[in-house]
Amino acid sequence: MLIATASCSSFLDREPQGQAVDTPAYYDDVENAQLAVNACYQAIAQDQGVVAHMQEWMFGEVMSDNAWKGGSDFGDMQDVQMLKEWTAVNVNATSHSAWKTYYQAIHRANTAIKGISPATSFDETTRDQLVGEALFIRAYSYFYLVRLFGDVPLFTEPVSPDQIGNVGRSSVKDVLTQIEADFSEAADKLGNRSEMDLGRATSGAAKAYLARVIMYDIGIWNANNHTWQEVFDLTNEVIASSQYSLAFNLAEVFEIDGENGVGSIFEVQHTTSNTGWANQNTGSSSPILTAPRGTGDIKGWGWGFLNPSQDLVDEFEANDPRLEWTAGQDGQFAHGVAQGVSTSQFLSGYFPRKVLMDQALRPNEQSDNPQNQRKFRYADLLLMNAEAAYHTGNESMARQRVNEVRDRARKMTYPKGWNESDNTYSDRDNSAALPEVTASGNLLIEAILHERRVELSLEGLRFWDLLRTGQLETALQKDNIGYREDLTGATVVSNMEGKKLNGIPVLPIPAAEVASFGLSQNPGY
């Protein structure tokens, strides 16, 4: 009996063999802290969405004049078509996925920031870097949310149970102020591109996003009295860092050859994990969604979403080599294989060539594709710098920057695999294409915005460029941009007019979230 008692006592007196994840001790371990930050990145990589498919192009391109939704018919992913036509309801699955996905990322970031900040068992530089990455992801996520929904709940600590049902919506101004503070602090804590592991947020990425936030605020909300000089200074800092440059061949940028290349400021990383249609996989579902469906003559692999519009195609100048790279057509070769593209009342006849993934990379699981999401390119930053230079009276610098982008485009090859059974980059003669911009005044800003559209098309930016420059309503009234039959652009604009918060069009907050957190719903939903 004495032996048994002693044995039991010895077992009960042992130190705990692990640490709970909600205790400071857990994060006072560098491996655990790193895992917590990795979970933040995983949250923003969930492009399948928590509820439904959700990619940035669904909002930034399909909801603009750049793209039709596509698919098998108008009812295929109908929630996206409803977003385009501003007829969405408060249970719209695509909108819901964005809300849930980015609040999940925010919760993970808040948890990491709170846990890692007081850590003392590893070096201060590593600690600050990890906190900086979490701050970046929190700001990135809130920037996504505030653009889609306007006023949103603002959390800078993990949500506690007593907050459920008792949370208000913070103003756009307050949310933007927090986003700006987070990106600014992240820029101070993070290393530059050459100092950080590949694929992680960097000081340059934080400054670039801060410049984008300020640029959008100037044109959309005017909440924090920003100036174009701030955009110019921030973009100049990134340019002067010499950490980025334009890839020599634009045709490589969205290929596997161009992942995390010299012109990539921030990419969401993906690799195949063979875990199937689930949020835990590490691949992207976007490649199968956007690849051509095929025709009766040419077998397709994809589902045919994100169809470039004729209006976008018509925007390209004669001989601009970026056209074939952007909008593929029926019978053209990509990666050496013929592509089949139909034209119908719900298919524009074009496919998004620039984001077409090489079939040699296709995994067993269709949703689990190893194609990174390019979120911020150096070409975008140069054009932001050009626009800021224009607005601050420096037209010579504005022309210099826009011509840098055009000069690079003039050097590009044909898209990869332009010829049958030849998956290489074929040379092309672009000597007569893209003359240098020499314009001034209104013609210069028009040239800069034109360059943004053709260089950055299908990358999720068009809707926001239209909104911030006051061109959205005009653009949505164009013909042949992917509405259902008998629906006019004027009706779409009227639909949108009823869904504005403080004058800015917004999407529906998920009905369940409104009920659970005691929120007010956006107008019109």
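Computed over heavy atoms, backbone and side chain alike; hydrogens, waters and symmetry mates excluded. Treat the numbers as computed from the prediction; the structure is a model and nothing was measured.
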For D76, the option from F346, W303, F305 that meets side chain to side chain contact (heavy atoms under 4.5 Å, CB included): F305

For Q373, the option from E459, E267, H270 that meets side chain to side chain contact (heavy atoms under 4.5 Å, CB included): H270

Stacked cation flag R147 on Y144, 6.0 angstrom / 45 deg: yes

Six-ring centre of Y525, K499 cation under 6.0 angstrom, axis tolerance 45°: yes

Give me the atom names and distance for the closest heavy-atom approach of [X] to [Y].
| X | Y | value |
| --- | --- | --- |
| L458 | L312 | CD2-CD2, 4.1 Å |
| G482 | W68 | N-NE1, 3.2 Å |
| I509 | V514 | CG2-CG2, 3.7 Å |
| P505 | M496 | CB-CG, 3.6 Å |
| S309 | D65 | OG-O, 2.6 Å |
| H226 | E180 | NE2-OE2, 2.9 Å |

With a 3.5 Å cut-off and no angle check, do the side chains of [X] and [Y] form a donor-acceptor pair?
| X | Y | value |
| --- | --- | --- |
| N110 | R138 | yes |
| D79 | T94 | no |
| D47 | S284 | yes |
| Q477 | E473 | no |
| R374 | N260 | no |
| N480 | Q310 | no |
| S367 | E365 | no |
| S160 | D162 | yes |
| Q178 | D182 | yes |
| E195 | S203 | no |

Any [X] side-chain heavy atom under 4.5 Å of [Y] side chain:
| X | Y | answer |
| --- | --- | --- |
| L356 | Q371 | no |
| Y378 | V253 | no |
| W221 | N502 | no |
| Q129 | L190 | yes |
| T177 | N224 | yes |
| R468 | D465 | yes |
| K69 | N307 | no |
| H53 | S97 | no |

Carboxylate-amine/guanidinium contact R462 E61, below 4.0 Å: no

[atom1]/[X] to [atom2]/[Y] distance, rounded to the nearest 0.5 angstrom?
| X | Y | atom1 | atom2 | result |
| --- | --- | --- | --- | --- |
| L507 | L501 | CG | CG | 11.5 Å |
| M54 | M77 | CE | CE | 12.0 Å |
| K84 | F74 | NZ | CZ | 9.5 Å |
| E387 | I448 | CD | CD1 | 6.5 Å |
| D311 | K478 | CG | NZ | 3.5 Å |
| L472 | M63 | CG | CE | 8.5 Å |

Steps toward side chain to side chain donor-acceptor pair (under 3.5 Å) verdict (D368, T272): CA-CA 5 Å; D368 205 13; T272 299; 5.1 Å; no

Stepwise ring-ring contact (aromatic ring centres under 6.0 Å, His included) check, F143 with Y216: CA-CA 10 Å; F143 185 41; Y216 282 19; 5.6 Å; yes

Without swapping roles, check the side chain of [X] against the backbone of [Y] for a donor-acceptor pair under 3.5 Å.
| X | Y | result |
| --- | --- | --- |
| D151 | V172 | yes |
| R108 | A39 | yes |
| N385 | T235 | no |
| Q521 | P508 | no |
| S117 | K114 | no |

Given the side-chain rings of [X] and [Y], with only the six-membered ring counted for Trp, is the space between their centroids under 6.0 Å?
| X | Y | value |
| --- | --- | --- |
| Y102 | Y142 | no |
| F463 | F59 | no |
| W99 | F149 | yes |
| F136 | F266 | yes |

Pair E133-M196, side-chain contact (heavy atoms from CB on, under 4.5 Å): steps then yes or no: CA-CA 10 Å; E133 290 179 77; M196 299 290 293; 4.1 Å; yes

More than 12 heavy atoms of other groups within 6.0 Å of [X] [atom1]:
| X | atom1 | result |
| --- | --- | --- |
| D29 | CG | yes |
| E124 | CD | no |
| K189 | NZ | yes |

Check against side-chain contact (heavy atoms from CB on, under 4.5 Å), H391 and Q229: CA-CA 8 Å; H391 285 293; Q229 187 65 48; over 6 Å; no

